[in-house]
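Take a look at the structure below.
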Amino acid sequence: MSHWNSPNLGRMMATVAVVIGGTGVPPVAHGQDARATRELKPAGEATGTLAFRDAMDYAQKRCVRLYGGGAGREHGYATGLLVSPDGLILTAQGIYLGSDSLRAVLPDGRRFEAKEVRRSEKLQAALLQVEAKTPLYFNLADEARVEQGDWVFAVSNTFNVAAANEPLSVCLGVVSLRAEMEARHRKQDVPYEGEMLLVDAITSNPGSPGGAVCTLDGKLVGMIGKLFQSVNTRTRINYAVPADMLRRFVEGKDDKEETPPPVEPAEPPPGQGAYVGIRLFKLSGEKAPAFVDAVAPGSPAQAAGIRKDDLLLTIGQEVVRNCRECDEALARLRPGQEVKVMLKRGMTIQSLMLTPAAQSEKPK
Amino acid sequence: MRPIASILWFAALAYAASEPLSPEELARVKGAEAARVRAIESVYGAVVAVYGPTTDRGGGSGVLYDEQGFALTNHHVVRAAGRAGKAGLADGSLYDWETIGTDPGGDVAVIRLKGKPKFPFAPLGDSRAVRVGDWAMAMGNPFALSEDFRPTVTFGIVSGVERFQPGEGGGRTLVYGNCIQFDTSINPGNSGGPLFNLAGQVIGINGRGSFEERGRVNVGVGYAISIEQARNFLGDLLATKVCQHATLDATFRDDEGKVICDAINEDSAVAKLGLGLGDQLIAFDGVRIRTSNQYLNLISTYPAEWPVSVTFRKGADERTVWLRLRALPYGAMPQRQPDVRRVPMPKDKEKAPDPKEKAKAPPRPELEPGKIMSKDLNRQECERLLRRWNAFRTGGTGVPPVAVRCEENVILDGKVAGRRRVLRAADGRFRVDVLEGYSDLPKGYAWACDGKVFWRQAPGQAAEKKSEADTGKDSEVATARALAAFGRDKPLDAFAAVELEGGDKAQGQRAFRLRVEDKAGNKLLFWFALFGEEWPAARLLKAAVDSPQKGSDGAWASGDYRAAAGLRVPHRTWRVVGLEERVALEFAVASAEAVAKLEDNAFAPPEGAK
């Protein structure tokens, strides 16, 4: 996906300039509770970093520190996100979860025993419960979406630096990439499956997993994921699990998608494949980027909203780097089976749902 | 600082993107970027690459804060490099440096570069104003990579403030208390280098990071010693001391939102003043204490012997006591080679290590906690201090007048209680006439010193005279003489001994404490402001006769300096008692004039004096 440009860079940069420049930032309403809403004040004139600090303060007050048992070089501490007023906490999987006593320290210094509710293998995440009322939490229904080049900051218990009721550590970076990962039966170093946000802030430190990744106005965009290290190079990636996937997991919708395990679809017999209704621009050859040359009227592609000149990026779980890969991916589609298509239109990345029709429905 | 402008710099990246900014936005972005570049340029020359005797054995960083070549760095950099070495600046030149003072406990050291009349330097900022989310620039020499000594600049944000990082091996050396945590990239070699705010002011000294299994390269978690802490220790450092940190001889824990004393040394000053087990700590040195962590952070940044107030609650009774903090013993000083390592270069592999090379390693400073390391350097610092005091006193305009005559109101309990006239000559002679009586001094009472004889006279009675031998024993005379001697060309020659004792507090400010012993054997203490509006000019804050109480048994404080009679004259002086400097008596100058010519008998004892 290296050919991706930075679609929203210009606009987002301008937004950043305005946000932390302190002009015209509206109060951001997070969660339903009035207290939460009041906390984020509009930046006063010429106060500069105030909005920035407020956003960090907002996020710091919604993250908890988790302590369980460590083993060897595996650290027994992590971070968690408060995601409900009645004590639901999201975190990443790690050795600390295996402990008999898992404790959560809330931002106000209160300590609670945490019970595991359930896990997601796909996201390598876990949902915990503490018996605490917390008016301050991240409302997952209110998550923000970010694209490559957007500024984000991360809040986490990195290296367990923050003690007692000290605020957690904050670091700043940009979204480097949104990428689709495939666990592929453990062929990769990353057993994570699904879309991930790569960031250039260093979030792959001990204690960071489960931390918040937020926009500069404090909206949650993701959770720092479980630590992964390349077996060969010992390097780590800094990434976050996107908030929409977290929401599905908390709502319990995620697990159903997980089973049955994905099976590589067999190549359908010629003529029995699905009908989509696009023609790619192939004058530069099969290895040219998959630009749409034409969309057939009344076709599933048109119904999905695909237009001429769109650059197709992913079809379903597959990244399509050129026309050939795109054709192959399209050929594997099945009639009636809805897939997500990501494409670049102008300077924006869009995600559409496409339901291919049967070849028989192709207009003559 | 121009927060808005300063912050917008990165939006300049948008210049290259396709959706254009409005012309106003673009102008702000470019303006902010230009301001940032200017701020970096303004301090770039002040950043030091610190090496040992040679530049090929790795090194650390530092920052010049004074045009005379004084630079802050880490103790662990100096410990590795030895007592002296080479230092590279952005001008591409190498200079010699030597250690002035070092603080093993707080990992700060002061070195002095030589070889240039005026060095570029960076202003020191206020680390108390630093907040999470502020921009933070680090400069230094990571991996000792710079061949021409020009520093590397990195940029990030403040990740945390008031952090505590325990000492080396859990001990009492290299403790980072109340430090600044940031995600700005620092790496081996950055040690001792400055952390700047966007205005180009030094807010911290970079010295360590969290690494654990991640290897000794930046993983986004660096720490800087707050410049507040460095300021606290600067007096001791410039006195060439091996600094010691403070202890209250008591520890505290959190208990239901209260900070409770859970251990105390019964022989300590604070125990004798009433603090006991179970008492609640309310405030330390005027700072309200909310957690035991906050207290630990705070006291970690205090030098031994500093006067502080401690407020605690014992039952229903809340009281504030004053005491001097004791020195926290270091225990055995670690001799491990510290964290400045040679960066492996490809050519290193070709060259077999020479076993003799280790033997040739530079001698490390011998560390005797609390001791002055170099009497010569200490004396040089005394000279420098008195030069700065003179520059301050004369306003840099040169020759002071022959004498100054002041009329002063005497204030007791906040009310004008009397009036007096004081004539002070530049050579130390003085005369005081009571114009309106106060305390037990009636109108017409007078006393003076003509340089040889001290006399005093009550109205209607014969004057009483002291012999020359006894003259100097009067503290007022001795102080006047010492101050007059400070104004001479070679001030130190007038004294039998002069020593910068180190840092202390006077009038609630950080101060140098200078001890002089005149040739009559009088021992006096003088406190000069370490910082302040006129920095680096030194203002006299306090004077006292030396005693084990170090001024708390009575001292003269002076302040409210104003230009008068061609000098800067303190318009207020106070007789202060106790560590809290309780005012017993106050003099407020109502008028001051220069005296061009003194009459011959201006200070002479009256006829018939005995």
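Reminder, nothing fancy here: chain letters follow the sequence lines and each chain counts from 1.
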Task: Contacts of B:Phe164 that satisfy ring pair (Phe, Tyr, Trp, His ring centres under 6.0 Å) - sequence neighbours left out - done: none
Open item on the list: Please identify which of these residues, B:Asn297, B:Val161, B:Thr291, meets the side-chain contact (heavy atoms from CB on, under 4.5 Å) condition with A:Glu166.
Closed with: B:Asn297
Task: Heavy-atom pair with the smallest gap, counting every atom of A:Ala163 and B:Asn293 - done: CB-ND2, 3.3 Å
Open item on the list: So for A:Thr203, is it side chain, backbone, both, or neither that comes closer than 4.5 Å to the heavy atoms of chain B?
Closed with: neither
Task: Residue part contacting chain A, namely of B:Val221, when any heavy atom lies under 4.5 Å - done: side chain
TODO: Could you tell me which non-hydrogen atom of A:Asn205 sits nearest to which non-hydrogen atom of B:Val219, and how far apart they are?
DONE: ND2-O, 2.8 Å
Task: B:Gln181 side, atom CD; A:Thr158 side, atom OG1 - distance, nearest 0.5 Å - done: 7.0 Å
Task: A:Arg110 CZ: over 12 foreign heavy atoms closer than 6.0 Å - done: yes
Open item on the list: Using heavy-atom distances under 4.5 Å, tell me whether A:Ala162 contacts chain B through its side chain, its backbone, both, or neither.
Closed with: both
TODO: Report yes if some heavy atom in the side chain of A:Ile202 is under 4.5 Å from a heavy atom in the side chain of B:Asn218; otherwise report no.
DONE: yes
- [ ] Taking all non-hydrogen atoms of both residues into account, name the closest pair between B:Arg163 and A:Ser169 and its distance.
- [x] NH2-OG, 3.2 Å
Open item on the list: Can you list the residues of residues 254-262 of chain B that sit under 4.5 Å from chain A, counting heavy atoms only?
Closed with: none
- [ ] Compare every heavy atom of A:Leu172 with every heavy atom of B:Asp183, then report the nearest pair and how far apart it is.
- [x] OD2-N, 2.7 Å
Open item on the list: Tell me every residue that passes salt bridge (charged side-chain N to carboxylate O under 4.0 Å, His left out) with B:Arg290, counting only those two or more places apart in sequence or in another chain.
Closed with: none
Task: Partner residues of B:Thr301 under the side chain to side chain contact (heavy atoms under 4.5 Å, CB included) criterion, sequence neighbours left out - done: B:Asn178, B:Gln229, B:Asn232
Task: Closest non-hydrogen atom pair between A:Val161 and B:Ser210, with its separation - done: CG2-OG, 4.3 Å
- [ ] Let me know if B:Glu162 has heavy atoms under 4.5 Å from chain A in its side chain, its backbone, both or neither.
- [x] backbone
Task: Closest non-hydrogen atom pair, A:Phe159 against B:Phe211 - done: CE2-O, 3.5 Å
